[in-house]
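Every heavy atom of this structure was used, including side-chain atoms; hydrogens, water molecules and symmetry mates were not. Start at 1 with the first residue, then count along the sequence.
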Amino acid sequence: MGISLSPTGVLAGSVASLTYDDLPPFVVTLAKQCVLDTLGVAIAGASQPAVRLTWETVQSEAATGPCTVLGVDRRAGGAAAALVNGIAAHALDYDDLQMDAMGGHPSAPVLPAVLAAAEEAGTTGRDMLTAFVAGFEAECRVGLAVAPGHYARGFHTTSTVGTFGAAAGAARLLGLDAKRTEQALGIAALSASGVKAMFGTMGKPLQTGRAASAGFLAARLAERGLTSAEDALFCPQGFAATQTDRSDREAVCTQFGNPWHILQVLFKAHASCYGTHASIDAIGLLRRNDGLSADQVEDIEIEVPPQQLHVCAIPRPSTGLEGKFSLTFTTALSLLHGATDESRFTDDAVCDPRIVALIERMRVTSDDLLPALGARVTVRLRNGRTLAAEVDCGAPAWSRDPTEQEERLRAKFRGLVAPVLGADAAAALIDLVDHLEDLDDIRALTKELT
């Protein structure tokens with residue numbers, strides 16, 4: 001039986017037919033940047049409690065196999081490695097995102113699934129990059145198809161839509177034809193889950209790890225011939241019908257490259273929810289340009305688009321993890337320290353009397369006219385003056401060529417990886433990812449990841 005002409009079948013055909021030669025240089029560059037950034041946050045995130053607790057739970061069943069568990073000297077089967085590495089990639093909430101189409105974090109569910117499949121097969125760096133881009137582009141198209149209702153209902157797109165990306169990427173890496181890729185997407189549909197209620201808890205990265213693992217397993221099962229519903233994305237009582245009010249079938253039928261959604265990937269400069277970044281940057285501007293200090297502040301108003309009030313507006317965080325989803329805490333942190341790297345998000349930090357005192361002088365309001373990833377911060381000083389800054393973080397940090405952001409990403413990677421593996425290992429990994437397309441066996445990279 002050939003591939004169906006359904007939207008799911010068309011998407012499957014795009015995934016199965018993608019080749020490395022189809023990828024423009026900018027796409028290859030951005031894919032390698034996604035790989036480097038995701039490996040960095042996963043290696044640093046491997047020590048987080050959510051990763052440790054999950055590994056302790058699954059290790060008795062999963063602790064043998066050919067696949068690398070990032071940041072530690074462990075091996076596992078593909079599904080378990082994808083699970084644990086997917087959790088690690090999202091545990092710090094420091095990983096990349098794509099808001100225009102996917103509405104979530106694209107690399108954290110896709111790369112662990114693709115990496116596990118690549119490592120099992122011993123495939124080339126070119127094959128891995130091609131599969132990663134296939135997964136990235138597929139999940140963005142699914143994200144567009146169910147937006148905005150899916151996210152508005154409370155679903156966590158990184159874990160729901162990400163399951164399809166992981167399945168697509170693993171299917172492409174395994175060389176599945178279009179029909180079996182469609183089956184893999186169908187199998188992914190029955191596992192795609194995750195809710196925003198988990199934000200600020202260990203459940204959020206767990207959802208992402210489950211997406212990576214479920215996508216990997218979907219591709220493996222499809223490879224063996226397990227079947228699923230035809231057009232699982234759009235059939236009656238399928239994914240879209242049950243998880244959004246209105247869907248767009250055409251979104252998944254657009255050819256890869258028309259557009260390349262990876263061109264809109266955003267990389268985090270702060271180790272917190274991306275919805276907090278504009279207010280962090282706005283208070284940072286006032287700190288640098290106007291000499292603003294905490295002792296000058298009478299009160300602060302943080303204005304954000306309404307949707308952020310349901311994502312990152314925990315008013316009084318009680319843990320460092322909750323602090324990543326608090327506009328007030330992250331703004332106070334930026335004003336007091338001028339730094340919002342991972343080391344700042346601790347349980348002690350949210351209890352710091354200076355932070356608490358600042359938070360008590362803040363209020364968060366909404367403005368419909370602000371861009372989706374924008375914020376306006378207005379500070380009333382004790383001397384009666386008012387300072388204000390508005391920032392939009394919705395655009396990539398490059399204009400003509402993605403290499404413009406390369407050194408910033410390398411510095412972030414070194415800061416995350418050197419404390420875990422050492423400076424020499426971090427430098428070696430940067431070089432390997434820089435030349436990923438030249439690797440004959442992806443295991444030349446993965447052997448350096450622990």
Side-chain angles (χ1 to χ4, degrees), residues 31-55 58 62 67-76 78-97 104-119 128-129 131-132 135-136 158-159 162 165-166 169-170 202 204-213 215-216 265 267-268 271-272 321 324 341-343 345 409-422 425-426 428-430 432-433 436 442-443 445-450:
K32 290 193 291 185
Q33 289 178 348
C34 289
V35 170
L36 184 74
D37 192 68
T38 307
L39 291 177
V41 296
I43 289 169
S47 62
Q48 291 296 297
V51 182
R52 175 178 52 81
L53 292 170
T54 302
W55 176 255
V58 304
C67 298
T68 302
V69 179
L70 297 173
V72 291
D73 188 15
R74 298 172 185 154
R75 312 292 292 179
L83 170 67
V84 177
N85 292 336
I87 297 171
H90 199 51
L92 301 181
D93 224 284
Y94 209 0
D95 47 312
D96 63 28
L97 68 159
H105 300 261
S107 297
V110 173
L111 183 61
V114 169
L115 193 64
E119 200 166 13
M128 197 193 90
L129 283 169
F132 174 78
F136 191 112
T158 301
S159 51
M202 295 182 204
K204 185 172 188 273
L206 175 60
Q207 292 177 159
T208 305
R210 290 188 69 252
S213 183
F216 172 87
V265 67
F267 296 99
K268 287 190 174 185
S272 58
L321 184 56
K324 291 173 177 282
D341 58 271
E342 178 55 32
S343 68
F345 290 88
L409 291 173
R410 290 176 180 178
K412 176 183 174 182
F413 183 85
R414 288 190 290 266
L416 290 166
V417 175
V420 181
L421 302 180
L429 283 168
I430 290 172
L432 283 165
V433 175
L436 191 56
I442 199 62
R443 288 172 290 202
L445 171 67
T446 58
K447 72 179 184 179
E448 304 295 336
L449 293 174
T450 63

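Across all non-hydrogen atoms, the minimal contact from E119 to C67 is OE1-CA, 3.4 Å. The minimum heavy-atom distance between F216 and A79, with the atom names listed, is CE2-N, 3.4 Å. Considering all non-hydrogen atoms of both residues, A108 and A212 come closest at O-CB, 4.5 Å. For the residue pair N85 and L70, the shortest heavy atom distance occurs at OD1-N, 2.9 Å. The nearest pair of heavy atoms linking V114 to A170 is CG2-N, 4.0 Å. When every heavy atom of P106 is checked against every heavy atom of D96, the shortest pair comes out as CD-OD1, 3.3 Å.
Atoms CG and CD1, on L92 and I43 in that order, are 11.5 Å from each other to the nearest 0.5 Å. For the atom pair R414 CZ and L409 CG, the distance stands at 10.5 Å (nearest 0.5 Å). Note: F345 CZ to S272 OG = 4.5 Å, rounded to the nearest 0.5 Å. Atom CD of Q33 and atom CZ of R410 lie 9.0 Å apart (nearest 0.5 Å). Within the model, atoms NZ of K447 and CD1 of I442 stand 12.0 Å from one another, a figure rounded to the nearest 0.5 Å. Rounded to the nearest 0.5 Å, atoms NZ (K204) and CG (D93) are 3.5 Å apart.
Residues L111 and M128 form a side-chain contact, since some pair of their non-hydrogen atoms from C-beta on lies under 4.5 Å apart. Contact annotation: the side chain of L421 approaches that of L429 to within less than 4.5 Å [non-hydrogen atoms, C-beta and beyond]. No side-chain heavy atom of S159 sits less than 4.5 Å from a side-chain heavy atom of R210. In this structure, C34 and V265 have side chains that are in contact, with non-hydrogen atoms separated by less than 4.5 Å. Under the 4.5 Å side-chain criterion, counting only non-hydrogen atoms from C-beta, T208 is not in contact with I87. Side-chain contact between F132 and L115 is absent, with no heavy atoms from C-beta onward closer than 4.5 Å.
Evaluated for a side chain to side chain contact (heavy atoms under 4.5 Å, CB included) with V41, the options L36, V417, L416 yield exactly one hit, L416.
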Audit row: K412, E342, salt bridge (charged side-chain N to carboxylate O under 4.0 Å, His left out) steps and yes/no: CA-CA 11 Å; K412 176 183 174 182; E342 178 55 32; over 6 Å; no

side-chain contact (heavy atoms from CB on, under 4.5 Å) between V69 and T450, intermediate numbers included: CA-CA 8 Å; V69 179; T450 63; over 6 Å; no

Verify side chain to side chain donor-acceptor pair (under 3.5 Å) between T158 and Q207, making sure each step is shown before the conclusion. CA-CA 8 Å; T158 301; Q207 292 177 159; over 6 Å; no

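Put simply, the side chain of S213 never gets that close to the backbone of G209: no donor and acceptor are under 3.5 Å apart.
Judged by a 6.0 Å distance limit and a 45° cone about the ring axis, K268 is not positioned over the six-membered ring of Y94.
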